[in-house]
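Worksheet for the structure shown next.
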Amino acid sequence: MKKKLYTISLVFMGVVLLQFTNCNNPKTKIHPLTKSWEIAVPNQEIPEGLSSLSAKQCGACHTKHYEEWKLSTHAHAWTDLQFQAELKKESSPFMCINCHIPLQNQQEYIVEGLIDGDIYKPVKKPNPHFDQNLQQEGINCASCHVRNNAVIGTKGSTNAPHKTVKDADFLSEKLCISCHNANAVITPTLACSFETGDEWKSGPYFGKKNCISCHMESVDREIVPGFGVKPSHYHYFAGSGIPKLSTVETKILNGLAVYPSKLERFYSKMDTINYTLKVINEFAGHRLPTGDPERFFNSKFTIKNENDSVLLSKTERIGEHWEWYPEAKKMADNNLDPMEERKFTFSYHALEKGRLKLSVVITKHRLNKESADYNGLDENYPLFITVFDEEYIIDVK
Ligand code: HEC
Ligand code: HEC
Ligand code: HEC
Ligand code: HEC
Ligand code: HEC
C-alpha cells in the first residue's frame with residue numbers, strides 16, 4: 001500500500017519536474033494572448049443585489065427579455081449540435097469558445113498563454129469560478145450586460161435592485177461587432193471569416209441604422225412588470241431564421257425582396273416561355289448572406305408537364321465558394337451587397353401542346369447536406385427554410 005502511494009507521488013513529482021523543466025527550457029517560451037478573441041471576459045462576481053449570473057435569474061424579473069432571448073441563436077451558441085461537432089475536432093483551437101461562451105465564468109479553464117505561441121498548445125489552469133449551468137446558456141444576458149461586477153444598462157435607472165452602470169457606448173453596435181467581425185487565417189486550413197461589421201460600415205446604412213436598430217427593434221413596454229412602460233428593445237436577435245433545433249421556433253428576418261415577372265396564361269406551340277426573377281437585398285444592412293461562409297440562397301426553377309415529369313430545371317446560387325484543402329481560400333463570392341439586385345432568367349421552348357407547371361422556389365441554407373453529414377448532424381437538424389414558393393399554370397395551345 002505504502003509502496004503504491006510512493007510510486008504515485010513519484011509519478012506526480014515527475015510531472016511537476018517535467019513541467020518545471022519545460023518552463024525553464026530556454027527553447028520553450030510562453031507567449032501572452034494578444035488577439036481580442038483569444039481572451040475571455042474576466043471572471044465576474046455576481047453584481048450586488050443578485051444571487052446568480054444566470055439568464056434564468058435575470059428572467060425571474062425581466063420575463064419578456066428572457067422569453068425572447070430563449071428563442072434566439074445566442075441562447076444556443078454553446079449547445080448547437082454543429083458547434084459541438086466542430087469543437088470536438090482536433091483542428092479546433094482553444095479560442096473557438098470565446099465568442100460562443102464569452103464569460104470566463106462559463107469556461108472550465110483559464111488560458112494564460114500559448115507555448116511557443118502555438119494556438120494548439122494553450123497553457124491552461126482549472127477555473128475555480130467555472131459554472132456549468134452558465135455554460136449551457138451560451139451568449140446569455142450577463143455576456144452582454146455584466147462587466148466589472150455590475151449590470152450595464154443605457155438608462156441610468158434608479159429602480160433596479162441590482163448594481164447598475166450606465167454605458168450606452170458599451171451597449172452599442174460595437175458590442176455586436178466585437179464578435180460578428182473576424183477575418184483571420186488561423187492555420188493554413190482554418191479561416192475565421194465573419195465580416196458583417198465591415199460590410200455594414202462600408203454600406204449605405206452606416207450612420208443611419210445599426211445592428212441594434214434592425215436586430216433589436218424598439219418597443220415601449222414594461223422592462224419589469226409593475227415598473228411602468230419605458231422604451232425597450234426586443235431580444236429575439238432574429239436573423240436568417242433557420243432554426244438551430246427542429247423543436248424551437250425562431251423569429252425570422254428576411255433580407256431579400258423578390259420581384260417575379262408576369263407570365264402569360266396561354267402560349268402557342270413553339271413559343272419560348274421566358275420568366276425572370278429579380279431579387280434585391282432590400283432589408284439587410286450588410287451583404288446577403290453574411291457571416292458564416294457556408295450560408296447560401298438557392299433559387300430553383302422547375303417546369304413539369306401534366307404527368308409531373310420534369311422537363312427542365314435550373315438552380316441559381318447566391319453565396320461563397322471556399323476551398324479548404326490544402327489551404328483555406330475563398331474561390332468565389334456572389335453575395336448581394338445592400339440594395340444590390342440580381343436577375344435570373346429561365347426559358348423553356350414549348351415543343352408540344354398541353355398544360356405545364358412552372359415552380360419557383362427560393363430557399364436559404366445554413367449549410368449544405370454534405371457538410372451536415374460530415375459533421376454527423378442527425379437528419380432532424382434544420383438546414384434551410386423556404387422564403388418564396390410560387391407555382392404557375394401555363395397552357396400551350
Ligand atoms: C429581482 C428582480 C431583478 C433581477 C433578478 C434582475 N433585474 Fe434588471 N432590473 C430590475 C428592475 C426593477 C429594473 C428597473 C426597471 C425600470 O426602471 O423600469 C431593472 C433594470 C435593468 C436594466 C436597465 C438598467 C438601465 O439603467 O439601463 C438592465 C440592463 C437589467 N436590469 C439587466 C438585468 C440583468 C442582465 C439581470 C441578470 C444578470 C437582471 N437585470 C436581473 C429588476 C431585476
Ligand atoms: C459574445 C459574442 C457575440 C456578441 C456580443 C453578439 N453576438 Fe450575435 N451571435 C454570436 C454567435 C456565436 C452566434 C451564432 C450562434 C450559433 O449559430 O450557434 C450569433 C448569432 C447572431 C444572429 C443570428 C444569426 C442566425 O440567423 O442564425 C444575429 C442576428 C446576431 N447574432 C446579432 C447580434 C447583434 C445585433 C448583437 C449586438 C447587440 C450581437 N449579435 C452580439 C456571437 C455574438
Ligand atoms: C447580444 C447581447 C445581449 C444579450 C445576450 C442580452 N441583451 Fe439586453 N440589451 C442589449 C443591448 C445592446 C441593449 C440596449 C439597447 C439600447 O438601449 O440601445 C439591451 C437592453 C436591455 C434592457 C433595457 C431595456 C430594453 O429593453 O432596452 C434590459 C432590461 C435587458 N437588455 C435585459 C436583458 C436580459 C434579461 C437578457 C437575457 C435574458 C438580455 N438582456 C440579453 C444586448 C443584449
Ligand atoms: C437595415 C437593417 C439591418 C442592419 C443595419 C443590420 N442587419 Fe443583420 N440582418 C438584417 C436582415 C433583414 C437579415 C436577414 C437576412 C436573411 O437571411 O434574409 C439579417 C441577417 C443577419 C445575420 C444572419 C446571417 C444571415 O446570413 O442571414 C447576422 C449574423 C446579422 N444580420 C448580424 C448583423 C450585425 C452584427 C449587424 C451590425 C454590424 C447587422 N446585422 C446590421 C438586417 C440588418
Ligand atoms: C470572433 C468570434 C468567434 C470566434 C472566435 C468563433 N466564432 Fe463561431 N460564430 C461566431 C459568430 C458571430 C457566428 C454567427 C455567424 C452568423 O450566423 O452569421 C458563429 C457561428 C458559428 C457556428 C454556426 C454556423 C451557422 O451557420 O449556424 C459554428 C458551428 C461555429 N461558429 C463554430 C466555431 C468554431 C469551430 C470556432 C473555432 C475555430 C469558432 N466558431 C470561433 C463567432 C465566432
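First listed ligand is number 1; within each ligand, the first listed atom is number 1. All of these numbers come straight from a predicted model, not from anything done at the bench. In this chain, residues are counted from 1 in sequence order.
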Below the 3.5 angstrom mark, is there an N/O of [X], backbone or side chain, next to an N/O of ligand 4?
{"X": "G255", "answer": "yes"}
{"X": "H215", "answer": "yes"}
{"X": "K364", "answer": "yes"}

Nearest candidate to [atom], where distance is taken over non-hydrogen atoms, out of [options]:
{"atom": "atom 38 (C) of ligand 5", "options": "C96, P93, A182", "answer": "C96"}
{"atom": "atom 30 (C) of ligand 5", "options": "H76, H100, Q82", "answer": "H100"}
{"atom": "atom 2 (C) of ligand 3", "options": "A160, C58, C144", "answer": "C144"}
{"atom": "atom 23 (C) of ligand 5", "options": "H180, E294, K244", "answer": "K244"}
{"atom": "atom 11 (C) of ligand 4", "options": "L253, T290, I252", "answer": "L253"}

Say whether [X] and [Y], considering side chains only, have a donor N or O and an acceptor N or O under 3.5 Å apart.
{"X": "S51", "Y": "Q57", "value": "yes"}
{"X": "T63", "Y": "H65", "value": "no"}
{"X": "T290", "Y": "E199", "value": "yes"}
{"X": "S347", "Y": "T272", "value": "no"}

TODO: Please confirm whether R366 comes within less than 3.5 Å of ligand 5 when only nitrogen or oxygen atoms on both sides are compared.
DONE: yes

Task: Rounded to 10 degrees, the angle NE2 of H235 makes with NE2 of H145 at atom 8 (Fe) of ligand 3 - done: 180°

Open item on the list: Can a donor-acceptor pair be found, under 3.5 Å and without considering hydrogens, that links the side chain of E390 to the backbone of F388?
Closed with: no

- [ ] Output the list of atoms in ligand 3 that are nearer than 4.0 Å to some heavy atom of H74, sorted by atom number.
- [x] 1 (C)

Open item on the list: A cation-pi test, strictly: NZ or CZ of K314 under 6.0 Å from the centre of the six-membered ring of F346 and no more than 45 degrees from its axis. Yes or no?
Closed with: no

Open item on the list: Ring of Y259, cation from K278 - is the NZ or CZ under 6.0 Å from the centre and inside 45° of the axis?
Closed with: yes

- [ ] Provide the number and element of each atom of ligand 4 under 4.0 Å from a heavy atom of G285.
- [x] 1 (C), 2 (C), 3 (C), 4 (C), 5 (C), 6 (C), 7 (N), 42 (C), 43 (C)

Open item on the list: With heavy-atom distances below 4.0 Å as the criterion, list the atoms of ligand 4 near N254.
Closed with: 12 (C), 18 (O)

TODO: May I ask you to decide whether D220 forms a salt bridge with K230, counting only side-chain N to carboxylate O separations under 4.0 Å?
DONE: no

Task: Contact flag H286/atom 8 (Fe) of ligand 4, N/O/S atoms, threshold under 2.8 Å - done: yes

- [ ] With heavy atoms only and a cut-off of under 4.0 Å, state how N140 meets ligand 3: side chain, backbone, both or neither.
- [x] backbone

Open item on the list: For K230, state whether at least one heavy atom is located under 4.0 Å from any atom of ligand 3.
Closed with: no

